[in-house]
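Single-structure report; data block below.
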Amino acid sequence: MNNDIFNPVRVTATVGGREVIFETGRLANQADGAVWVQCGGTVVLVTVCSQPLEFDKGFFPLTVEYSEKMYAAGRIPGSFFRREIGRPSERETLVSRLIDRPIRPLFPKGLNEDVQILASVISADQENDSDILAMTGASAALMISTLPFAGPVAGGRVGRINGQFVLNPSFADLADSDINLVFAASRDALTMVEGEASFVPEDVIIEALEWGRKEIQPLIDAQMQLRELCGKPKMEFTPHADNPDLLARVEELALGAGLDKALRIPEKLPRKEARKQVKNDVMAALAGDPAWASDETALKAVPDILADLEKKMVRSRIVNEGTRIDGRDVRSVRPIQIQTGVLPRAHGSALFRRGETKSLVVTTLGSTTDEQRVDSLGGDVTKRFMLHYNFPPYCVGEVKPMRVSRREIGHGALAEKSLRPILPSEEDFPFTLRVVAETMESNGSSSMAAVCGGSLSLMDAGVPVSEAVAGVAMGLIKEDDKFIVLTDILGDEDALGDMDFKIAGTANGVTGVQMDIKITGLTIDIMREAMRQAKEGRLHILGEMAKAIAAPRAELSPYAPQHAELEVNPDIIRLIIGPGGKNIKAITAATGASVDIEDSGKVSIFAPTSEALQKAREMILYYDQRPDLGRNYQGKVRKIMEIGAIVEILPNVEALVHISQLDLQRVEQTGDVAKLGDEMLVKVIEINGDRIRASRKAVLLEEQGQEWTPESTSRPARAPRGDHGSRSSHNSSHGDRRQHSSRPRNNANADKN
């Protein structure tokens, strides 16, 4: 037996006080590259495979799939089939994007390979997060593979606890951190950033990322060492080179057809049509030119040549003239228009328009039963705030299948992170919140429109957010040592630029960031300028938002769920629920309310209307009533005794009606007046702690027009043998519960007189 597979190549690095192990040669040896990455008890296996393309797809077909195996945490999947099947979870999709974004730009343009990267979490210790290990493992697997790759890069996470930066904090540490920044970096620069913060200044974000980049350098060294020990020879790759004569001819024809003029049209669709016309004119001219008419390869290359020419012309104009496609300077934000309350039955809604990008954002309030429940490696978790971003094909005038893409999930997650810090606590506002951003029109920065519109719709719904949040997308044009940062980029500027840096926050600090770059890395100087310029744009947008709605509505929409909280005696919870849930089901059926009862006696009610809320409240409090001295109650005889009858005057509350209080006349035997199960109207004449005495005689006196006084129903001088009061089954210590000291009596069985 060959035991070589059990002697893998292994290198280690220490970052953040923890050892990270890179291992290859034990598993997945038929893959082009396979690396086991381990930190503590968390292990991720990352594999790389590729195969030549049979034809040019017009794009680089890189596929990245991150998956979490439930056995990694010793759990069995909660699905019906008890296996990991179906579409990836939201977290798996988001981590797949985290892996994809920093490595995709590092493949050479024109690589004719179909590449698949699979990252599987096969062990999870609930302390070390697997996402950053997967990011670093993907780079390591590519480094030892045959694929050309301009790496390595490494992933990391920065937290800040009590003002001190922490690298790769544990799950427990993150709960105390005011930043959570996931990043990827090369030897010299940042290549990707994704994260959230709690109103943290821009300078702190920059400092954290630069500190983190330096701290993860041992991971770069380890990958280089692994490459030296067992890296495979890289495949030959020759970049595509266009025919210089063809380049010159296409440029001549395009300029003659008015390409420069087409690229100065401010509106997206007219500009698109003008560019299309230029392309058609160029293709027609070449088809009629004997030098190129029969050269299919040359004609096929024309669209890419035109795209490169357009990119070159627009970038040159920005660098040399400071003028952008739509005529703006590099720092201006497009005109903003806002309308709130646009949907009559929604709980909150806002229409946010910035230039040719428009987002309709809707807020819906729900009860605690509407929380999202997620089956994860850490167990079942719940979310009370969800933001879903939609990008239907009509928003860009296209025809495509309707499905939720990775991009939509990623943009929604960014907007959700950006808005989460301003939300009220669950104790102060126990509603479940769902925000949906429907992109109506798009020409760049639609995810930041979702942030702005989300903030506005939450306010329109009356959610007591702490302040408003706005977001803006920044671009970059870098030529040699010169760079220009663009505020509020268009879709075309995203495509032809070198960076897409989204920054969201309030007037007091940053709440969400996402950065992708198309060059080898982003220096701190560029990031600092982008952050500073983004703050200017964000403050301008916040000012425009405040003109539309400056603070949350004072009241919730009448169509939103109505909520109330009660405190009842824990001893009567079983009565509220009833046998087999009979009583609570009756309350729900009669009112449409959702009722959540805690063991402490706290009752949370969510009802569709205020009337339903009041009815549900009354039905619940019916089981938690207290008798009042001197008040009449319609009771039911529960027990016959020699000294009198035990009568249930309220749910779970019993009183003794002494034999002397059963009638105006002398009663020889209790059974002469009271029978088991009889209804009996009685008056409470004595409350001594949890002992209650009642009188039917007092009620009969009142019916004869005589005024009742304690003396008129006083005990006889010599009472019969036995107890003189019935003990209520309620706990007697309720005087300090606020609901019972302040609420009006809701006595369904009490005499209205």
Side-chain angles (χ1 to χ4, degrees), residues 101 105 189-193 202 205-206 260 262-268 271-272 275 307-336 352-357 411 414 441-452 470-505 510 512-542 544:
R101 285 157 49 197
L190 292 165
T191 58
M192 187 277 298
V193 177
E202 284 79 0
I205 300 293
I206 295 170
D260 182 69
L263 293 176
R264 293 181 183 272
I265 298 174
E267 295 80 15
K268 174 184 175 180
R271 181 172 64 251
K272 181 179 179 180
R275 291 167 53 206
D308 290 340
L309 179 59
E310 290 174 359
K311 179 177 179 179
K312 177 181 176 182
M313 292 175 65
V314 173
R315 290 170 65 97
S316 176
R317 188 193 311 156
I318 292 172
V319 171
N320 298 322
E321 302 176 17
T323 303
R324 298 160 67 175
I325 294 175
D326 59 359
R328 282 182 294 154
D329 60 41
V330 298
R331 310 179 81 91
S332 295
V333 176
R334 288 171 289 176
I336 293 173
F352 180 86
R353 177 186 180 186
R354 181 163 51 198
E356 292 182 290
T357 294
H411 283 359
L414 174 62
E441 302 164 26
S442 179
N443 187 15
S445 303
S446 59
S447 63
M448 295 295 95
V451 171
C452 299
V472 63
M474 311 299 292
L476 174 71
I477 303 296
K478 188 175 185 298
E479 299 289 347
D480 300 324
D481 294 332
K482 185 176 182 179
F483 70 87
I484 296 176
V485 175
L486 308 177
T487 298
D488 183 25
I489 56 175
L490 303 173
D492 286 346
E493 290 172 336
D494 183 6
L496 60 83
D498 299 320
M499 174 184 76
D500 181 9
F501 193 0
K502 303 178 179 72
I503 307 169
V510 174
V513 295
Q514 184 184 88
M515 183 195 74
D516 294 307
I517 64 170
K518 303 170 188 176
I519 52 179
T520 55
L522 192 67
T523 65
I524 290 300
D525 289 340
I526 296 176
M527 178 172 286
R528 184 173 288 110
E529 175 61 24
M531 282 281 198
R532 186 178 64 83
Q533 202 164 309
K535 184 176 182 179
E536 294 177 1
R538 184 171 80 246
L539 293 177
H540 167 73
I541 297 166
L542 286 170
E544 295 298 307

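Quantities reported herein were computed from a predicted structural model and do not represent experimental measurements.
- At a threshold of 4.5 Å between non-hydrogen side-chain atoms, the residues D260 and R317 count as touching.
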Practice problem: Show the numbers, then the answer: is there a salt bridge (charged side-chain N to carboxylate O under 4.0 Å, His left out) between D498 and R315? | Solution: CA-CA 10 Å; D498 299 320; R315 290 170 65 97; 2.9 Å; yes
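- Minimum heavy-atom separation, A470 to I541: CB-CG2, 3.8 Å.
- A heavy-atom distance below 4.5 Å is not found between the side chains of V513 and L414.
- Listed for the K478 side chain is a donor-acceptor partner under 3.5 Å among the backbone atoms of D480.
- Residues satisfying the salt bridge (Lys or Arg N to Asp or Glu O under 4.0 Å) criterion with D481, sequence neighbours excluded, are absent altogether.
- In this structure, the salt bridge (Lys or Arg N to Asp or Glu O under 4.0 Å) partners of R271, at least two apart in sequence or on a different chain, are D492.
- Side-chain contact check for V330 versus V485: every heavy-atom pair is 4.5 Å or farther apart.
- T357 places a side-chain N or O within donor-acceptor distance of the main-chain N or O of G444, the cut-off being under 3.5 Å.
- No more than 12 heavy atoms of other residues, nucleotides or ligands shown are found within 6.0 angstrom of NZ on K272.
- Between E356 and N443 the shortest heavy-atom distance is OE1-ND2, 3.0 Å.
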Quiz item: For R275 and E310, what are the C-alpha separation, side-chain angles and deciding distance, and is it a side-chain contact (heavy atoms from CB on, under 4.5 Å)?
Solution: CA-CA 9 Å; R275 291 167 53 206; E310 290 174 359; 2.9 Å; yes
Quiz item: Step by step, would you call F501 with I517 a side-chain contact (heavy atoms from CB on, under 4.5 Å)?
Solution: CA-CA 8 Å; F501 193 0; I517 64 170; over 6 Å; no
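- D500 and A473 get closest at one heavy-atom pair: OD1-CB, 4.0 Å.
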Practice problem: Go through the steps for I325 and L263 under the test side-chain contact (heavy atoms from CB on, under 4.5 Å), then give the verdict. | Solution: CA-CA 6 Å; I325 294 175; L263 293 176; over 6 Å; no
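- A salt bridge between E321 and R264 is present, with a side-chain N of the basic residue lying under 4.0 Å from a carboxylate O of the acidic one.
- Remark: the backbone N or O of G355 is paired with a side-chain donor or acceptor of R353 at under 3.5 angstrom.
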Self-check item: Pair K312-D308, salt bridge (charged side-chain N to carboxylate O under 4.0 Å, His left out): steps then yes or no
Solution: CA-CA 6 Å; K312 177 181 176 182; D308 290 340; over 6 Å; no
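- Side-chain contact between I336 and F352 is present, with at least one heavy-atom pair separated by less than 4.5 Å.
- The shortest distance between side-chain heavy atoms of I524 and R528 falls below 4.5 Å.
- When the options L486, T323, D488, T487 are evaluated for a side-chain contact (heavy atoms from CB on, under 4.5 Å) with R328, the one that passes is D488.
- Nearest heavy atoms, A530 versus I503: O-CD1, 4.2 Å.
- Partners of E441 by side chain to side chain contact (heavy atoms under 4.5 Å, CB included), not counting sequence neighbours, listed by chain and number: K358.
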Quiz item: Yes or no on salt bridge (charged side-chain N to carboxylate O under 4.0 Å, His left out) for K482 and E479, after CA distance, side-chain angles and deciding distance?
Solution: CA-CA 5 Å; K482 185 176 182 179; E479 299 289 347; over 6 Å; no
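- When all heavy atoms are compared, the tightest approach of V451 to A504 is CG1-CB, 4.1 Å.
- Taking the side chain as every heavy atom from C-beta outward, L496 and I477 approach each other to under 4.5 Å.
- Nearest heavy atoms, V333 versus R354: CG1-CD, 3.8 Å.
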Self-check item: Derivation of the side-chain contact (heavy atoms from CB on, under 4.5 Å) call for L490 and R334
Solution: CA-CA 10 Å; L490 303 173; R334 288 171 289 176; 3.5 Å; yes
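- Looking at heavy atoms from C-beta onward, H540 lies out of side-chain contact with E536 at the 4.5 angstrom threshold.
- Although no hydrogens or angles enter the test, the distance criterion places no donor-acceptor pair under 3.5 Å between the side chain of R101 and the main chain of T191.
- Between D494 and K502 there is no salt bridge, since no side-chain nitrogen of the basic residue lies less than 4.0 Å from a carboxylate oxygen of the acidic one.
- Under the 4.5 Å side-chain criterion, counting only non-hydrogen atoms from C-beta, M515 is in contact with M527.
- Looking at R538 and E202, a side-chain N of the basic residue comes within less than 4.0 Å of a carboxylate O on the acidic one, giving a salt bridge.
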